[in-house]
Structures are given as structure tokens and as C-alpha cells.
Colleague: 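Structure incoming, see below.
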Amino acid sequence: THQWRGIIEEYRDRLPVSDTTPVVTLREGGTPLVPAQVLSERTGCEVHLKVEGANPTGSFKDRGMTMAISRAKEEGAKAVICASTGNTSASAAAYAVRAGMVSAVLVPQGKIALGKMGQALVHGAKILQVEGNFDDCLTLARSLSENYPVALVNSVNPVRIEGQKTAAFEIVDMLGDAPDIHVLPVGNAGNITAYWKGYQEYAADKIATRTPRMWGFQASGSAPIVRGEVVKDPSTIATAIRIGNPASWQYALAARDESGGAIDEVTDREILRAYRLLAAQEGVFVEPASAASVAGLLKAAEQGKVDPGQRIVCTVTGNGLKDPDWAVAGAPQPVTVPVDAATAAERLGLA
Ligand code: F0G
């Protein structure tokens with residue numbers, strides 16, 4: 001009997017680990033690459049979804065966290081800390097449990113989805129709700145890690161990026177080559193940095209014949225890279241990417257420019273439209289931030305910026321169950337019926 005071993009064992013020779021690194025894993029990675037029929041029809045392209053919500057804690061963060069926590073354990077850390085819009089904290093909390101470490105998480109007060117808060121709580125993280133936004137939380141986390149015995153596991157920790165680059169490896173391994181375009185949501189800009197690194201490494205080693213153009217999408221109310229300036233009070237319903245001063249800003253620009261790509265914005269309305277399309281027409285339930293990639297692809301297609309016939313991968317970064325409020329909001333209330341088949345049949349429109 002075989003199962004996927006987690007990204008460190010599957011890609012050990014491409015990651016900064018040694019034989020003595022303790023591997024802390026929940027068998028993350030190996031996520032589905034799902035052909036997207038409706039998106040393919042709409043764009044005239046071959047569109048695939050890299051479904052990162054299928055990771056153990058429900059987001060792509062697990063790829064980076066297995067690396068960050070394994071290396072922190074190797075270095076003897078007893079405690080880890082992160083700033084988070086929710087997913088990083090959920091992942092850090094879970095992996096810290098596996099490693100026998102204490103986790104501390106700093107989240108913007110009132111601005112993280114309930115499911116993510118529940119994950120951090122149930123995994124026993126020490127949680128502080130900070131009276132500020134994500135950027136303030138990150139400043140605080142950095143300062144604490146510099147002055148106290150606690151290891152920082154945000155994506156400013158380079159081993160996080162190393163872990164996350166494995167998603168690009170999986171895509172090339174599955175498709176046989178890099179796609180023409182890779183689309184993903186951008187918040188703190190760690191993930192676009194990581195994918196670009198992964199694609200470049202595979203091209204350098206001739207495992208892929210080329211690299212894709214990298215297309216990143218920010219939410220309009222939180223689009224510092226698009227605007228070219230820090231957004232002091234970022235806003236968007238996609239709380240995961242509500243970030244005004246991304247830590248990996250310069251790396252995101254490099255990924256864009258070196259790949260011949262683009263970084264653009266999508267409105268909350270466009271995000272929710274893509275969110276509903278993914279669930280209702282592709283059968284893939286993601287959280288709102290994740291739908292920014294697909295919203296961006298649809299926007300670009302409507303603007304005539306997508307030549308037909310290309311192979312495109314959209315990363316959908318997190319599971320829809322983390323933030324179900326938007327699934328329920330605006331949907332019709334389910335009808336209540338007695339235990340009676342005739343009534344049920346009639347209400348279902350079967351009779
Ligand atoms: N999608 C989801 C679901 C996320 O949680 C994040 C980031 C992103 C996209 C953007 O990725 O920051 O690498 O550009 N979430 C971080 C967190 C900030 O704290 O969980 P990025």
C-alpha cells in the first residue's frame with residue numbers, strides 16, 4: 001500500500017533538508033489538478049485548477065509549513081510565531097502540534113474567517129487578536145521573533161518559499177511540461193514567488209522546456225502592487241488577501257517581469273462571481289480569496305487578453321469550508337417539509 005509521503009519526502013533532493021532533519025509532516029501536497037470544463041469553454045483554452053484546499057489543513061500553507069516547522073525543530077526551537085489572515089495560523093498551529101511545539105499567532109481583530117479561527121483554537125495555538133491589520137501583525141511578529149525565543153514561520157522565512165515551490169513541480173510532473181500561463185491570487189506575495197522559483201528550477205534542470213507567464217491578481221481594495229504604493233487601510237471580502245504592504249513585493253515584481261506576466265486587480269464582485277461559478281459549475285468549493293485567480297482569468301478573457309488554445313493553470317488556494325458565510329449569504333433558505341414523501345417530491349419538483 002502506497003500513499004503520498006508529503007512534499008519533503010517526495011521532493012527531498014530539491015529542498016534544503018538533510019538526512020538528520022526531523023520531518024514534521026501531515027502528508028501535504030500531492031493535491032488534485034482538476035480539468036475545468038466550463039472555464040475551458042469560456043476561454044477557449046485548456047484550463048486546470050490546482051486544488052490546494054485539499055491539503056491537510058485546507059490551504060497551500062501546509063507546503064511551506066512542513067518545511068518551516070521541520071527546520072525550526074532541527075534548530076531546537078520550542079515555540080513558533082506567525083502573523084496571519086487565517087490560513088498560515090491554522091497551518092502553523094497544526095504542524096506545531098505534530099512537532100511538540102508551542103504556537104503563537106497574531107491575527108487582525110475581527111478580520112479572519114471563523115473556520116480558520118476554529119482551526120487555530122482547536123490545535124491549541126496561543127492567539128492574539130491585534131488591533132490592526134495583517135501588516136501590523138507581521139511587524140509585531142517580526143519584532144517578537146527578533147527579541148524573544150520564538151521562530152518566525154511567515155513566508156519571509158525563506159524555507160516557507162522552498163516548500164511552496166513544490167506545487168509548481170507537481171504541475172509540471174503531471175502535465176509533462178510547464179503551462180503557458182499560471183494564475184494565482186496575491187496577498188503577501190509569497191506564493192507567486194514560490195511558484196516562480198519552482199518553475200525556474202525545473203526549466204534550469206530541463207525537466208520543463210519553458211516557464212509559464214505568471215499572472216497574479218489582488219483584490220481591488222487591497223492592491224498595493226497594482227497601484228505601486230502601500231495601501232494603508234486595505235479592504236476586501238477576501239480576508240485572506242487583505243494585505244496593504246506585501247512582504248514579498250519585490251519578488252512578485254520579479255516573477256511578473258522575468259516571466260512576461262502581469263499583476264492586476266479584481267473587484268469583490270468579480271471575486272464572488274468566480275467563487276459561485278467554481279462551486280456551481282465546476283464542483284470546486286474554494287474560499288473567496290482563492291477565487292481571485294479565476295476571477296482574474298475571466299476578466300482577462302473578457303478583455304481579449306487570453307489567446308485561445310493555451311494551457312492555463314489556476315491555483316485555488318484554500319478550501320471553501322473555511323469561510324462558508326459567502327456560500328450561505330444570498331442563497332435561498334432551504335424549504336422545510338414534514339416526513340412525507342409526497343410533499344418532499346412536490347417541493348423538489350419531482351412530482
Ligand atoms: N489565498 C489564500 C487562501 C491565502 O490564505 C493567502 C494568504 C493567499 C491566497 C495569498 O498568498 O500571501 O502568498 O500572496 N494568506 C496568508 C495567511 C497571508 O496569513 O494565511 P500570498
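Atoms within a ligand are numbered from 1 in the order they appear, just like the ligands themselves.
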Colleague: Quick one: look up the protein heavy atom nearest atom 4 (C) of ligand 1 and list residue, atom name and how far away it is.
Modeller: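 Nearest neighbour among protein heavy atoms for atom 4 (C) of ligand 1, to 0.1 Å: Ala240 CB, 3.5 Å.
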Colleague: For the residue pair Asn55 and Glu28, confirm or rule out a side-chain donor-acceptor distance under 3.5 Å.
Modeller: no
Colleague: Give the numbers and elements of all ligand 1 atoms closer than 4.0 Å to a heavy atom of Ser84.
Modeller: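 Heavy-atom distances to Ser84 below 4.0 Å select 17 (C), 19 (O), 20 (O).
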Colleague: Mark up the atoms of ligand 1 that fall under 4.0 Å of a heavy atom belonging to Ile243, in ascending order.
Modeller: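 This gives 18 (C) as the contact atoms.
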Colleague: For Lys165 and Gln200, does a side-chain donor sit closer than 3.5 Å to a side-chain acceptor?
Modeller: no
Colleague: So is there a nitrogen or oxygen of Gly187 less than 3.5 Å from a nitrogen or oxygen in ligand 1?
Modeller: yes
Colleague: Which of the atoms in ligand 1, numbered in the order shown and given with their element, are less than 4.0 Å from a heavy-atom of Thr85?
Modeller: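 Contacts of ligand 1 toward Thr85, numbered from 1: 15 (N), 16 (C), 17 (C), 18 (C), 19 (O), 20 (O).
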Colleague: Could you check atom 15 (N) of ligand 1 against the protein and tell me its nearest heavy-atom contact, residue, atom and distance included?
Modeller: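 Result for atom 15 (N) of ligand 1: Lys61 NZ, 3.0 Å.
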Colleague: Can you list the atoms of ligand 1 that are under 4.0 Å from a heavy atom of Gly190?
Modeller: 13 (O), 14 (O), 21 (P)
Colleague: Can you say whether the rings of Tyr202 and Phe169 are parallel (under 30°), tilted (30 to 60°) or perpendicular (over 60°)?
Modeller: parallel
Colleague: Looking only at protein heavy atoms, which one is nearest to atom 11 (O) of ligand 1, and what is the separation?
Modeller: Phe60 CZ, 3.5 Å
Colleague: Crowded around Lys111 NZ? As in, over 12 foreign heavy atoms under 6.0 Å?
Modeller: no
Colleague: As a test of understanding, state which of Leu128, Thr88, Ile112 forms a side-chain contact (heavy atoms from CB on, under 4.5 Å) with Val107.
Modeller: Ile112
Colleague: Taking atom CD as the centre, does Gln109 end up with more than 12 heavy-atom neighbours from other residues, nucleotides or ligands that are less than 6.0 angstrom away?
Modeller: yes
Colleague: For Ser18 and Thr20, which I'm curious about, is there any donor-acceptor pair between the side chains at under 3.5 Å?
Modeller: yes
Colleague: Before giving the answer on salt bridge (Lys or Arg N to Asp or Glu O under 4.0 Å), spell out for Arg71 and Glu162 the whole-Å C-alpha distance, their side-chain angles and the decisive distance to 0.1 Å.
Modeller: CA-CA 12 Å; Arg71 287 288 302 273; Glu162 293 294 317; over 6 Å; no
Colleague: Assess whether a salt bridge exists between Asp177 and Arg311, defined as any Lys/Arg side-chain N lying under 4.0 Å from an Asp/Glu carboxylate O.
Modeller: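 A salt bridge is absent here (no side-chain N lies under 4.0 Å from a carboxylate O).
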Colleague: I'd like to check which ligand 1 atoms, numbered from 1 as shown, lie under 4.0 Å from a non-hydrogen atom of Val186.
Modeller: 14 (O)
Colleague: Measure the acute angle between the ring planes of Tyr195 and Tyr199, then classify it against the limits of 30° and 60° as parallel, tilted or perpendicular.
Modeller: tilted
Colleague: Among protein heavy atoms, which sits nearest to atom 13 (O) of ligand 1, and what does the distance come to when rounded to 0.1 Å?
Modeller: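 Nearest protein contact, heavy atoms only, for atom 13 (O) of ligand 1 is Asn191 N, 2.8 Å.
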Colleague: Measuring from atom 17 (C) of ligand 1, which candidate in Thr317, Val107, Thr88, Val286 has the nearest non-hydrogen atom?
Modeller: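 Comparing heavy atoms across Thr317, Val107, Thr88, Val286, the nearest one to atom 17 (C) of ligand 1 lies in Thr88.
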Colleague: Show the atoms of ligand 1 that are less than 4.0 angstrom away from any heavy atom in Glu287.
Modeller: 3 (C)
Colleague: Less than 4.0 angstrom from a charged side-chain N to a carboxylate O is my criterion; do Glu9 and Arg12 meet it?
Modeller: yes
Colleague: For Ser59, state whether at least one heavy atom is located under 4.0 Å from any atom of ligand 1.
Modeller: no
Colleague: Give the atom numbers and elements of ligand 1 that come within less than 4.0 Å of a heavy atom of Asn87.
Modeller: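 In order of numbering, the contacting atoms are 2 (C), 3 (C), 4 (C), 5 (O), 20 (O).
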Colleague: Assess Leu184 for proximity to ligand 1: is some non-hydrogen atom of it under 4.0 Å away?
Modeller: no
Colleague: Which ligand 1 atoms are under 4.0 Å away from a heavy-atom of Asn188?
Modeller: 12 (O), 14 (O), 21 (P)
Colleague: Among all protein non-hydrogen atoms, which one is nearest to atom 8 (C) of ligand 1, and what is the separation to 0.1 Å?
Modeller: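 Atom 8 (C) of ligand 1 sits closest to the protein heavy atom Ile241 CG2, 3.6 Å.
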